Amino acid sequence: MAIRTEQMKEILDIRFDDPQKEKELCMQMLSESKDRYTEAFGRTYLGDAYHTLGRIDEALFELGRGLKLAEADGYEDLLFILYNLIGIIYMYRDDEQSALDYFFNGIELSEKMNDKMMQATLLSNIAYTYRIAGAYDKAERMTDRFYQMICETTENKSNVQLDRISYETDKIGLYLQRNEPDRAWELMQLSEIQADTGVGKYINFASYYGIKGDHKQCAMYIDTAMSILSEDVNRYESVLYQFEIIRIAIDAGLYEKALQISEISEELMEENINIGKWVKLMGYRIEIYEALGCTDELSEAYKRYFEYDTIYEEEKKQAAVTRIRRKIELIYEIDRKKQIVQRQAALFDKRSNDELTGLYNRWGLKNRIKQLYSENDSMNTTLMVATADVDFFKEYNDTYGHIAGDLCLKCVADILRQNIGDEGIICRYGGDEFLCVMSNISQAQAEQLFSKISAGLADKYIENSQSGVSDRVTISIGAVIAKQSAAMDFETLIHEADMALYEVKNNSKNGYRVKRLG
């Protein structure tokens, strides 16, 4: 085991400097491995080496094998790395939604383990994913959260300073992409940015001068950035940066330079064909050849563009199916680990619980309400009754199937349980409708609770392409708060809550409404 530990340490020490050596060490480790953790470790860092070498399909294959082992055996130290690396690869493959899925899986794990440094790393990658997808406001919010967490976590001031440079560089890039060059220029004058020698600084300066129409300065900074990238061993990162530079050069009218860089990118991409990147590259070529008047080359670029785009559209469809399956598997695995406790509760009084979600069914709710009324016989006691259902659930079932629908209902039940817990009664009232009862809760507290429930469901990122209000599954909630009295029977409260829910569903869905009676 000591020898194995030394091998692992050597891999970690050289992974950023010599990916070829990292690959060789991992393959040697896998040929000798006799335990599951060693295999999971070897697969993880072999995938890391392939990723750095630009061999993306091989990287994803090895990382997928490592992920299966790590998830099955709970190797949380490896799961951090795997979620992050797989997310980065999907980002490279222009599948931003899958990338975000893995990054947010990593966030959930880092919160569970209270690992704020890993959480900060993932927030940075989420910000970059939003940025390349053009969601600049989300990217800025995530960038701010990343730096705030770094400042709260890191005691070493020099490390914070380095991260501040990265933070300011990202902010500059965001301002430039939003065409706010004057805001960017204010940050670009900071001494820390001026002293930075990273490629991001020079790309930002090239972009700034391109926007301002100073083509000479723009070209000079492009050349500097390309010189730095020529030394980069990470072929994946080089292509991403080069695409940024091509865009800057085209926008500045530096078409010859843009063409030259696109040819360099094409050489780097030859080893591993990424269809999404080829579509984008041919799109750049079309713009360049049109501007330069290269008729024959333009015709060839159009031909290649449509060939790649046809394949890419099919790949995107397959990626969407894979993403849904992955979500179903993850939700199912979470459920599986809870089944022991749920079954014990069901055995205690099987008649009271809904078989699918583990919540009370109508019979169980009826008995608990009787108990609640007998316990809270004071005239000063208030009750809140809330009804909720999943928006566009029929459409979700028709699109993704009843298995996915059941898993969706389980996920909603878990979110209700997490937010309400023992402070109230939760029931699956029928189909995709849920009912919650709580005592002595104010209208403001109820609205805050429903906001958390809606946000919790949104954070699960359960895709619903058939929704009319969002790209993911949402919920509508109607509630009524009333003073408990003999004259106010429970069925009346349910009716009033249903009327509030109807108002939400009829208005906009994906929201909540709280009414007071008396």
Side-chain angles (χ1 to χ4, degrees), residues 54-60 89-99 128-136 173 176-179 203 206-207 209-211 213 215 218-219 221-223 225-226 229-230 235-323 465 471:
R55 296 162 62 175
I56 301 301
D57 289 338
E58 291 162 286
L60 197 57
I89 288 174
Y90 274 112
M91 183 172 64
Y92 174 77
R93 292 164 70 97
D94 300 303
D95 185 352
E96 289 89 0
Q97 187 58 60
S98 290
Y128 188 73
T129 305
Y130 281 136
R131 180 176 166 183
I132 62 176
Y136 301 131
L176 291 169
Q177 286 177 311
R178 288 197 306 215
N179 201 27
I203 292 174
S207 178
Y209 284 112
I211 292 171
H215 296 164
C218 177
Y221 281 109
I222 285 176
D223 289 341
M226 289 301 297
L229 288 176
S230 68
R235 300 169 69 90
Y236 148 75
E237 285 187 354
S238 292
V239 171
L240 288 182
Y241 282 130
Q242 286 169 19
F243 273 38
E244 283 191 59
I245 296 169
I246 294 168
R247 183 72 266 164
I248 291 167
I250 291 173
D251 290 342
L254 302 171
Y255 299 110
E256 294 285 358
K257 193 169 287 292
L259 179 59
Q260 178 186 10
I261 298 167
S262 76
E263 290 169 349
I264 296 171
S265 297
E266 183 169 1
E267 289 179 10
L268 288 176
M269 291 163 58
E270 285 293 350
E271 283 191 17
N272 184 60
I273 297 177
N274 181 300
I275 295 299
K277 286 288 179 290
W278 280 106
V279 172
K280 185 174 286 188
L281 184 65
M282 289 303 109
Y284 289 150
R285 289 276 179 84
I286 289 169
E287 289 187 69
I288 293 167
Y289 290 139
E290 282 182 339
L292 295 175
C294 302
T295 307
D296 293 341
E297 291 85 348
L298 178 62
S299 177
E300 178 64 21
Y302 267 116
K303 178 182 176 184
R304 294 178 68 185
Y305 177 88
F306 287 118
E307 286 177 356
Y308 292 137
D309 191 53
T310 301
I311 300 170
Y312 183 45
E313 288 301 318
E314 185 60 34
E315 279 196 358
K316 285 198 292 186
K317 291 178 185 177
Q318 293 300 319
V321 172
T322 301
R323 190 162 59 245
S465 62
D471 59 353

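Please read these numbers as outputs of a predicted model, since none were measured by experiment.
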Self-check item: Side-chain (Thr310) to main-chain (Phe306) donor-acceptor, under 3.5 angstrom
Solution: yes
Quiz prompt | Atom pair OH (Tyr305) and CD (Glu300), whose distance is rounded to the nearest 0.5 Å | solution = 15.5 Å
Self-check item: Heavy-atom pair with the smallest gap, counting every atom of Tyr90 and Ala99
Solution: CB-N, 3.7 Å
Quiz item: Is the shortest heavy-atom distance from the side chain of Tyr289 to the side chain of Asp296 under 4.5 Å?
Solution: no
Quiz item: Would you say the side chain of Arg285 lies within less than 4.5 Å of the side chain of Glu263, judging by non-hydrogen atoms?
Solution: yes
Quiz item: Heavy atoms, side chains only, cut-off 4.5 Å: are Lys277 and Leu240 in contact?
Solution: yes
Quiz prompt | Gap between atom OH of Tyr128 and atom CD of Glu96 - 0.5 Å precision | solution = 10.5 Å
Self-check item: Value rounded to 0.5 Å, distance of OG in Ser265 from CG in Leu281
Solution: 6.5 Å
Exercise. Output the distance between atom CD (Gln260) and atom CD1 (Ile246), rounded to the nearest 0.5 Å.
Key: 10.5 Å
Quiz item: Side chains of Glu266 and Trp278: does their closest heavy-atom pair fall under 4.5 Å?
Solution: yes
Quiz item: Under a 4.5 Å cut-off applied to non-hydrogen side-chain atoms, are Leu229 and Ile245 in contact?
Solution: yes
Quiz item: When rounded to the nearest 0.5 angstrom, what is the spacing between CZ in Arg247 and CD in Gln177?
Solution: 11.5 Å
Practice problem: Can you establish whether the number of heavy atoms outside Glu307 located under 6.0 Å from its atom CD is more than 12? | Solution: yes
Quiz item: What are the two closest heavy atoms between Ala252 and Gly210, and how far apart are they?
Solution: CB-CA, 4.0 Å
Self-check item: Side-chain touch Leu268/Gln242, heavy atoms, less than 4.5 angstrom
Solution: yes
Quiz item: Is the side chain of Ser299 donor-acceptor paired with the backbone N or O of Thr295 at a distance under 3.5 Å, no angle test?
Solution: no
Exercise. Assert yes or no for the condition that the ring centre distance of Tyr284 to Phe243 is strictly below 6.0 Å.
Key: yes
Quiz prompt | From CD1 (Ile248) to OH (Tyr209), nearest 0.5 Å | solution = 13.5 Å
Quiz item: Shortest non-hydrogen contact from Ile286 to Ala301?
Solution: CG1-CB, 3.9 Å
Self-check item: Within-4.5 Å side-chain heavy-atom neighbours: Lys257 and Ile261
Solution: yes
